[in-house]
Amino acid sequence: MKQLCYFSLILFVFLSCKNDTNSDKQKAQKIEPIVFNDIDSTIRPGDDFFNHVNKNWMEKAVIADDQVGVGAYRFLNIPQQELLKNILEEVSQQEHPKGSIEQLVGDFYASGMDTISINERGSKPIQPILDRIDAIDNVASLTEFVATQIKSGDYSMFSPYISPDQENSALNILHFSQTGLGLPDRDYYFKDDVSVKRIQDAYKTYLTALFELVGDANAKMQADVVYEIEKQLAQSHKTRIERRVIKENYHKMAVSELNKKQPNIGWTAMLKNLGTDVDSVDVRQPVYYERLNTMLTAVPLEQWKLYLKANSIGSHDNILSKPFQDAAFEYSKVISGQSVQQSRSKRMVRRVDQQIGFALGQLYVKRYFNEDAKKRALDLVNNFQKTLEKRIDNLDWMSDSTKVKAKDKLYAISKKIGYPDVWRTYDASIARDQFFENVVSLRQDSYLYRLKQLNKAPNRDEWHTTPSTVTAYYNPSLNEIVFPAGILQPPYFDLYADDALNYGGIGMVIGHEFTHAFDDQGAQYDKNGNVTNWWTEADYTKFKAKTQQIVDQYSAFTVLDSVHLKGALTVGENTADNGGIAIAYDAFQLTEQAKDTTKIGGHTPDQRFFLSIANIWRVKTRDEYLRNYVATDSHSPPIWRVNGPLMNFTPFYEAFDVKPGEANYKPEEERIKIW
């Protein structure tokens, strides 16, 4: 989930809680309730509730030239970045003790804002890497180079990462995924429709520009060589839908066995160069590494060196001089539709947040986050946990024995609210006049940070998103849900709003994340984060049949005229959306407002609950962005995150008197209910 900026508010007060202060109540009484003024009465709720609520706003909303969208969800991070910019501009203009948080983030930001020095250096920072590539004289030295570069954040044909073993979640192991591509997805190499052809051509132009910028002759020919290597690798890639099958993407293998099967890769030497000490690894997509092993000798070494050059330049293009940055943008804008490159300050705010975000996050929390939010948010999460327990008890398709295990898993879920209890530290050395080196140093520090966790128990204090980010997530390996400070503000939660708005906002998000523990993937993990079957055979068969109904329903939805949603790709998120609304609604029914009939702005409490749901997905995007989103993202577009679940939810029909004949009406027996 992601966010607009109302941070002047004290965050996340649960207005129906009995421990609200009298001053809060007095303030609330002086504030006019939020009224939905943009309703389009010409669109019936049962025909298209998303546009019933949002169409008038959509017609007035303007997407800035340097953005791909505007509104709620992930685009609410745009104003969040302005808050981070305020912090960075302030601390970067002051002197701070060496190694302090303020010095690290301030000097890093300042180094990236020194565009004069960056542009004067041109391609010089990347030249030592290109020289090392030129010196490669055999396959062994090629794979050694690749492994060495990974430690500096330059990934190419290998993609190692460290996370829990899905069969023993108490231990972190080394995994390898398929990789090696420059286009957004393997399918982009094989489609021939006009929109994809434009992206292919733009990518080839980008590759050509990279070679030209480092002074190589025959740049177009070299770009074609790189593209063909990537296309060969893409043929071995599993699709995004195939990668959703958890057990089919886990293959723990002995290194000695891999050495025999794939001698050209040289697993033992490669793992040593990575700094790891393991005797087995999980090769998630073995077919990719089998193809790579064959190609390492089938493709001429000189062509592989061109591939590595393009990849290494591309891994650093946005931290080199302006011509490299411009080349990267020219390619990206064909995919996104964004017409103007963002300002340097906006790009640097994102980079600081991405690379040293838990240092910046500490400053953000001190300035913008109220400590009362953590406790009150946790109270709400705990209430929703109890609500889901009751829903599990009332399921008519699940046996009692599976219900017991489902509730065991539900109450084993750990909750993280606001910001980490233990902050991550950074060991990189940051200087104000060495931007390129700063980025590489932080990448190396990130690699070493992860490497230290290999062969150890998972760090349960760790977060995978920064506190300011407007998002929320469920992590099945650790069976945890996480709600950063960034999501704990309007429109998801508003200090002065009524319960209907808050339950339809942050409540839907909380219910969504809980449901992820029981979606098509989450349901395969037990309460300890191990992939194991805790279901009866009959129950799991019923569950899969219900999730298939979700797949079929969403596959029928279209965007951009002929482009259909990928129901099998988005099934997990769609299941969570359906469950999230149901859980939030049940919890809302326990509030005093829901038991009342008082209207606000002409709408009943139940109607305001559903209006809030439509409001939190109020998003307008560029068509190019949306086309790529549908092809690659596991979430449905916002319109179907509203209309899709509400088609299945009877209380919505009752709230707005939805009748047969309306476009989104489904007979009650066809409404899908899982959780």
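Note: hydrogens, waters and symmetry copies are ignored here, and every other heavy atom, side chains too, is used.
Residues Val349 and Leu360 form no side-chain contact, since every pair of their non-hydrogen atoms from C-beta on lies 4.5 Å or further apart. The shortest distance between side-chain heavy atoms of Ser111 and Asp433 does not fall below 4.5 Å. At a threshold of 4.5 Å between non-hydrogen side-chain atoms, the residues Val214 and Asp216 count as touching. Contact of the Gln166 side chain with the Gln524 side chain is not registered, since no non-hydrogen atoms from C-beta on lie closer than 4.5 Å. Contact of the Val439 side chain with the Phe108 side chain is registered, since non-hydrogen atoms from C-beta on lie closer than 4.5 Å. Contact annotation: the side chain of Gln67 never approaches that of Gln338 to less than 4.5 Å [non-hydrogen atoms, C-beta and beyond]. Counting heavy atoms from C-beta outward, Gln149 and Ser156 have side chains that stay 4.5 Å or more apart. In this structure the side chain of Tyr331 never reaches within 4.5 angstrom of the side chain of Asp317, judged on heavy atoms.
Taking the six-membered ring for Trp and the full ring otherwise, Phe75 and Tyr625 have centroids separated by under 6.0 Å. Checked against the 6.0 Å centroid criterion, the rings of Trp267 and Phe176 qualify as a close aromatic pair.
A side-chain donor-acceptor contact under 3.5 Å links Lys305 to the backbone of Ile136. In this structure, Glu144 contributes its side chain and Ala140 its backbone to no donor-acceptor pair below 3.5 Å. Side-chain atoms of Lys566 do not come within 3.5 Å of backbone N or O of Ser634 as any donor-acceptor pair. Formation of a donor-acceptor pair under 3.5 Å by the Asp107 side chain with backbone atoms of Arg432 is not found in this model. Using modelled atom types, no side-chain atom of Arg627 and backbone atom of Val196 make a donor-acceptor pair closer than 3.5 Å. Looking only at distances, a side-chain donor or acceptor of Thr294 sits under 3.5 Å from a matching main-chain atom of Glu290.
Residues Glu228 and Lys231 are not paired through a salt bridge, judged by the lack of any N-O separation under 4.0 Å between the basic side chain and the carboxylate. Between Lys197 and Asp201 there is a salt bridge, since a side-chain N of the basic residue sits under 4.0 Å from a carboxylate O of the acidic one. Using a 4.0 Å cut-off between a side-chain N of Lys or Arg and a carboxylate O of Asp or Glu, Lys204 and Asp224 do not qualify as a salt bridge. Between Glu257 and Lys252 no salt bridge is recorded (no basic side-chain N to carboxylate O distance below 4.0 Å). A salt bridge does not link Glu480 with Lys415: none of the charged nitrogens is closer than 4.0 Å to a carboxylate oxygen. Between Asp66 and Arg347 there is no salt bridge, since no side-chain nitrogen of the basic residue lies less than 4.0 Å from a carboxylate oxygen of the acidic one. Look at Lys309 and Asp134 and you find a salt bridge, because one of the NZ, NE, NH1 or NH2 atoms lies within 4.0 Å of a carboxylate O, short of that distance.
Side-chain polar atoms of Thr632 and Asp185 form no donor-acceptor pair below 3.5 angstrom. Using a 3.5 Å distance cut-off with no hydrogens or angles, the side chains of Glu230 and Tyr189 do pair a donor with an acceptor. At a cut-off of 3.5 Å, with distance as the only test, a side-chain donor of Gln80 or Tyr364 sits close to an acceptor on the other residue. Arg350 and Gln81 share no side-chain donor-acceptor pair at under 3.5 Å. The closest side-chain donor-acceptor pair between Ser441 and Asn438, if any, does not fall under 3.5 angstrom. Asp165 and Tyr250 are linked by a side-chain donor-acceptor pair at a separation below 3.5 angstrom, with hydrogens and angles left out of the test. Between the side chains of Thr466 and Asp353, at least one donor N or O sits under 3.5 Å from an acceptor N or O. Under the 3.5 Å distance criterion, with hydrogens and angles disregarded, no donor-acceptor pair is assigned to the side chains of Ser152 and Asp154. With 3.5 Å as the limit, one finds no donor-acceptor pair spanning the side chains of Tyr161 and Asp282. Under 3.5 Å, the side chains of Thr471 and Thr469 contain no donor-acceptor pair of N or O atoms.
Annotation for Pro164 and Asn172: closest pair N-OD1, 3.1 Å, computed over non-hydrogen atoms. Here the closest non-hydrogen pair linking Ala568 and Arg244 is O-CD, 3.3 Å.
Tyr206 contributes atom OH, which lies 15.0 Å from atom CD1 of Ile199 (distance to the nearest 0.5 angstrom). In this structure, the separation between CD on Glu437 and CD1 on Ile319 is 8.5 Å, given to the nearest 0.5 Å. In this structure, Lys322 NZ and Gln341 CD are separated by 6.5 Å, a value rounded to the nearest 0.5 Å. Here OG of Ser315 is found 10.5 Å from OH of Tyr155. Values are rounded to the nearest 0.5 Å. We find the CG-CD1 distance between Asn475 and Ile413 to be 11.0 Å, quoted to the nearest 0.5 Å. The distance from the CG atom of Asn249 to the CD atom of Gln521 is 9.0 Å, given to the nearest 0.5 Å.
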Is there a salt bridge (Lys or Arg N to Asp or Glu O under 4.0 Å) between Glu167 and Lys247 once you walk through the steps? CA-CA 10 Å; Glu167 292 186 348; Lys247 292 184 178 180; over 6 Å; no
Test salt bridge (Lys or Arg N to Asp or Glu O under 4.0 Å) on Arg74 and Asp633; report intermediate values, then the result. CA-CA 13 Å; Arg74 60 190 59 178; Asp633 202 290; 3.4 Å; yes
Please evaluate residues Lys409 and Asp526 with respect to the criterion salt bridge (Lys or Arg N to Asp or Glu O under 4.0 Å), reporting the C-alpha separation (whole Å), side-chain torsions for both, the decisive distance (0.1 Å), and the verdict. CA-CA 7 Å; Lys409 179 177 182 179; Asp526 67 12; over 6 Å; no
Report the C-alpha distance between Gln303 and Gln222 in whole Å, list the side-chain angles of each, state the deciding distance to 0.1 Å, and finish with yes or no for side chain to side chain donor-acceptor pair (under 3.5 Å). CA-CA 8 Å; Gln303 292 188 8; Gln222 293 171 327; over 6 Å; no
Verdict with reasoning, His635 to Thr570, per side chain to side chain donor-acceptor pair (under 3.5 Å): CA-CA 5 Å; His635 300 78; Thr570 58; over 6 Å; no
Evaluate the criterion salt bridge (Lys or Arg N to Asp or Glu O under 4.0 Å) for residue pair Glu242 and Arg284; output intermediate values, then yes/no. CA-CA 12 Å; Glu242 291 170 332; Arg284 291 178 55 79; over 6 Å; no
Kindly indicate, with the supporting measurements, whether the criterion side chain to side chain donor-acceptor pair (under 3.5 Å) is fulfilled by Asn530 and Ser169. CA-CA 5 Å; Asn530 294 313; Ser169 61; 3.2 Å; yes
Evaluate the side chain to side chain donor-acceptor pair (under 3.5 Å) criterion for residues Arg291 and Gln235: first the C-alpha distance (whole Å), next the side-chain angles of each, then the deciding distance (0.1 Å), finally the verdict. CA-CA 9 Å; Arg291 170 62 65 88; Gln235 290 173 340; 3.2 Å; yes
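Judged by the 6.0 Å and 45° rule, Arg344 forms a cation-pi pair with Phe435. Remark: Arg424 qualifies as a cation-pi partner of Tyr449 under the 6.0 Å distance and 45° angle criteria applied to the six-membered ring.
Around atom CD of Glu248, no more than 12 heavy atoms belonging to other residues, nucleotides or ligands sit under 6.0 Å away. By the neighbour-count criterion of 12 heavy atoms within 6.0 Å, atom NZ of Lys98 is densely surrounded, having more than that number from other residues, nucleotides or ligands. Within 6.0 Å of atom CG in Asp131, more than 12 heavy atoms from other residues, nucleotides or ligands are found, so the atom counts as buried in its surroundings.
Ring pair Phe158/Tyr289 is parallel by interplanar angle, where below 30° counts as parallel and above 60° as perpendicular. By the 30° and 60° cut-offs, the orientation of the rings of Tyr227 relative to Tyr203 is tilted.
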